[in-house]
Amino acid sequence: MSTTQQLSTTQQSPVTLALVGAGMRGLIYARHALASGAGRIAAIAEPREENRKAAAVEFGVPEDAVFDDWRALATALAAGQVEHIDAAVIATQDRMHLEPAVAFAGLGCHLLLEKPMAPNEADSRRIVEAAEAADVILAVCHVMRYTPYTRTLKQVLDAGTIGDIISVQHLEPVGWWHQAHSFVRGNWRSERESSPMLLAKSSHDVDWLIHIIGEQPVRVCSFGSLTHFREQNAPVGSTANCLDCPVENTCPYSAKRIYLDCLGDPEKEFWPLSVVTSARTEEGVLDALRGSQYGRCVYRCDNDVVDHQVVDLEFPSGATASFTMTAFTRLEHRKTRIFGSRGLIEGDGVRLWITDFLTDTDRIVDTGTDAGASAAEGHGGGDRELLDRFLEAVATGDRAKVLSDGPSSLATHRAVWAAERARTDGAVVVLDANPTPHL
């Protein structure tokens, strides 16, 4: 039983939550809150009618607390027309975080904010300042900090088991079909509409590296590009939509194969299929693919985000870290090697292989991670633990439960923006000092 589940047995009433954005991420947190007994969805703001109605039914939210726009919800809350809200889950699209976050903080609501905070530093800083001015808790959804794997690894490192950290290699295996779904066909395909790939997807990883190493980087460089998912790489004879394509059955990115293969698998029906359609039949899926962006040829989309990128970081201690994000993998847990002065650790998201240089011996630590790496599987347990800790922080006032507060997350976002500047400008970017808690 989690700490929040234990707390709920003595708590008089669960934390009341406003769900601002009833897409996949919002639903994940809402469902965890309900399952734990420590949270309850009291209001919903969601512009898509089908999603809005389904969420209202699932969470038992009365009609007068369901809105098609977050502004209407905020107005009703300010006027006392809906019940008191303890916290807001801000799970809108990346470029739509700023205004609702600032507004609900101003109404005294604690904030659970999806990452990235915002596409740029100015807007992200405004969110942090709004939370601080209102004296509300701000928890940014850097879920990798909260997994059993990360907590175990951090304990091993902080105990000095491998001495000083000298260098780190870290890989994010995005997964070939995940890249096609989210970053070629999907909502995060365009920097203008969302944000750069490093911010939209891999801000998790830069944040995680800084958390693990325990320092802010001082210099950053980066390389990467959109190399494969371009029209010049389209197979001969291919067409604009996978359903009409005569060579579809030879393409690993076939929308027909990716989404029809989801049928019958509850996790894949939740994600990625639910993003495409609510249908659970072959006919329904094919109809959705014919009329939506998710049926398009991956070589003929309007995507511009990179499909591979490397980032190198230098820290004040002299430690270095090398991060690789690539689409061309299975979707699985991150892989990390940490090289220390007295030993090394190799981790796969579930287990740690620890080598001791003094004794020339190896041991394996099972971190107890029982959840898979994907969003549908809960990001290695990070989604659940983050939500539990946030609800406990709101219920008790113990802000130390939140490992990814506003200032800490803003600092690691700054490293991401620096890496993007390095990539686009072909430069090494020097970061100014910005000490923060909870590294």
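Just so you know, residue 1 is the first one in the sequence shown, and it goes up from there.
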So, S203 side chain and A200 main chain: donor-acceptor pair closer than 3.5 Å or not?
no

Worksheet entry | Expected output: side-chain D366 to main-chain G368 donor-acceptor under 3.5 Å | yes

query: Do the two ring centres, one from F328 and one from H308, sit under 6.0 Å apart?
result: no

Q) Checking side chain to side chain contact (heavy atoms under 4.5 Å, CB included) for the pair T336/L171: CA distance, chi angles, key distance, verdict? A) CA-CA 6 Å; T336 310; L171 168 68; over 6 Å; no

Charged N to carboxylate O below 4.0 Å: is that the case for R389 and E385?
-> yes

dist L243:CG -> R296:CZ (nearest 0.5 Å) comes out at 14.0 Å

Cut-off 3.5 Å, side chains only: do D244 and T239 have a donor facing an acceptor? no

> Got a donor-acceptor contact below 3.5 angstrom from the T16 side chain to the H84 backbone?
Replying inline: yes

Rounding to 0.5 Å, atoms CG (L111) and CD1 (I137) come to a distance of 10.0 Å

**Request:** Could you check E191 against R423 for salt bridge (charged side-chain N to carboxylate O under 4.0 Å, His left out), going step by step and ending with a plain yes or no?
**Result:** CA-CA 14 Å; E191 288 191 20; R423 183 182 71 85; 3.6 Å; yes

Give a yes or no on whether a salt bridge exists between R334 and D205, defined as a side-chain N under 4.0 angstrom from a carboxylate O.
-> yes

Polar contact flag, side-chain donor to acceptor under 3.5 angstrom, E172-Q309: no

Exactly one of I28, L112, L113 clears side-chain contact (heavy atoms from CB on, under 4.5 Å) with C141, and that residue is L112

> Would you call R399 and D405 a salt bridge, using N to O less than 4.0 angstrom?
Replying inline: no

Would H170 and T324 count as having a side-chain donor-acceptor pair, cut-off 3.5 Å? no

Closest heavy-atom pair, C221 versus A422, reported as atoms and distance to 0.1 Å, is CA-CB, 3.7 Å

Practice problem: Evaluate whether atom CZ of R71 has more than 12 neighbouring non-hydrogen atoms of other residues, nucleotides or ligands under 6.0 angstrom away. | Solution: yes

Checklist line | Audit row: S278, E50, side chain to side chain donor-acceptor pair (under 3.5 Å) steps and yes/no | finding: CA-CA 9 Å; S278 59; E50 183 178 1; 2.8 Å; yes

Regarding R95 and E193, does a basic nitrogen lie under 4.0 Å from an acidic carboxylate oxygen? no

For this session: Taking atom CZ of R300 as the centre, report whether more than 12 heavy atoms of other residues, nucleotides or ligands fall under 6.0 Å from it.
Result: yes

Closest non-hydrogen atoms of A419 and V311, given as atom of the first, atom of the second and distance, are CB-CG1, 3.9 Å

For Q179 and Y253, which I'm curious about, is there any donor-acceptor pair between the side chains at under 3.5 Å?
no

What one should report as the nearest heavy-atom pair of G26 and L19 is O-CD1, 3.5 Å

Check your understanding: Are W70 and E46 close enough that some pair of their side-chain heavy atoms sits under 4.5 Å apart?
Key -> no

In the structure I gave you, are the side-chain heavy atoms of H181 and Y259 within less than 4.5 Å of one another anywhere? yes

Here the gap from C301 atom SG to F229 atom CZ, rounded to the nearest 0.5 Å, amounts to 9.5 Å

Under 3.5 Å, is there a donor-acceptor pair between the side chain of R280 and the main chain of E269? yes

Original post:
Under 4.5 Å between any side-chain heavy atoms of P407 and R125, yes or no?
Top reply: no

Residue R219 excluded, over 12 heavy atoms near CZ under 6.0 Å: no

Side-chain contact, heavy-atom cut-off 4.5 Å: Q93 with W188? yes

Pair K115, D207 - check salt bridge (charged side-chain N to carboxylate O under 4.0 Å, His left out), show working. CA-CA 11 Å; K115 65 85 197 154; D207 175 82; over 6 Å; no

So does S409 get a backbone contact from the side chain of T412, meaning a donor-acceptor N/O pair under 3.5 Å? yes

Can a salt bridge be assigned to the pair K268 and D261 using a cut-off of 4.0 Å between side-chain N and carboxylate O? no

* To do: Measure from the ring center of H379 to the ring center of Y146 and say whether it is less than 6.0 Å.
  => no

dist E248:CD -> C297:SG (nearest 0.5 Å) comes out at 11.0 Å

- Query: Are a donor atom and an acceptor atom from the side chains of E121 and S124 found within less than 3.5 Å of each other?
  - Reply: no

Query - Side-chain donor or acceptor of S202 paired with backbone N/O of L198 under 3.5 Å - result: no

Main-chain N/O of M96 paired to T92 side chain as donor or acceptor, under 3.5 Å
yes

dist M117:CE -> D94:CG (nearest 0.5 Å) comes out at 12.5 Å

Heavy-atom donor-acceptor pair, R145 side chain to L403 backbone, under 3.5 Å
yes

A418 and V429 have their tightest heavy-atom pair at O-CG2, 3.5 Å

I would like to know whether E49 and K53 meet salt bridge (charged side-chain N to carboxylate O under 4.0 Å, His left out); could you show each step before the answer? CA-CA 6 Å; E49 182 178 11; K53 289 182 175 180; 2.7 Å; yes

| When you look at D68 and R52, which way does the salt bridge (charged side-chain N to carboxylate O under 4.0 Å, His left out) test go after all the steps? | CA-CA 7 Å; D68 62 3; R52 183 172 66 251; 5.2 Å; no

Q) Should V276 and V285 count as side-chain neighbours, where that means a heavy-atom distance under 4.5 Å? A) no

Donor-acceptor pair between Y299 and H228 side chains, under 3.5 angstrom: yes

With a 4.0 Å cut-off, would you call D383 and R25 a salt bridge? yes

Donor-acceptor side-chain pairing of W208 and T150 below 3.5 angstrom: yes

Hey, does V174 have a side-chain heavy atom less than 4.5 Å from the side chain of L331?
no

Interatomic distance, CE@M24 vs OG@S182, rounded to 0.5 Å, equals 7.0 Å

More than 12 heavy atoms from other groups under 6.0 Å of CZ on R384 | no

Distance-only donor-acceptor check, side chains D348 and W353, under 3.5 Å
no

Practice prompt. Side-chain contact test, heavy atoms from C-beta onward, threshold under 4.5 Å: evaluate it for V402 versus L386 and give yes or no.
Written response: no

Are the ring centres of H178 and F183 closer than 6.0 Å?
yes

Can you confirm whether the side chains of T320 and E314 place a donor and an acceptor under 3.5 Å from each other? no

Checklist entry - Can the ring centres of H413 and W417 be said to be less than 6.0 Å apart? => result yes

More than 12 heavy atoms from other groups under 6.0 Å of CZ on R337
no

**OP:** State, with a plain yes or no, whether a side-chain heavy atom of T326 is found less than 4.5 Å away from one of V310.
**Re:** no

Test item: S404 side-chain N/O and V140 main-chain N/O as donor-acceptor pair under 3.5 Å
yes

Would you say K335 has more than 12 foreign heavy atoms packed within less than 6.0 Å of its NZ? yes

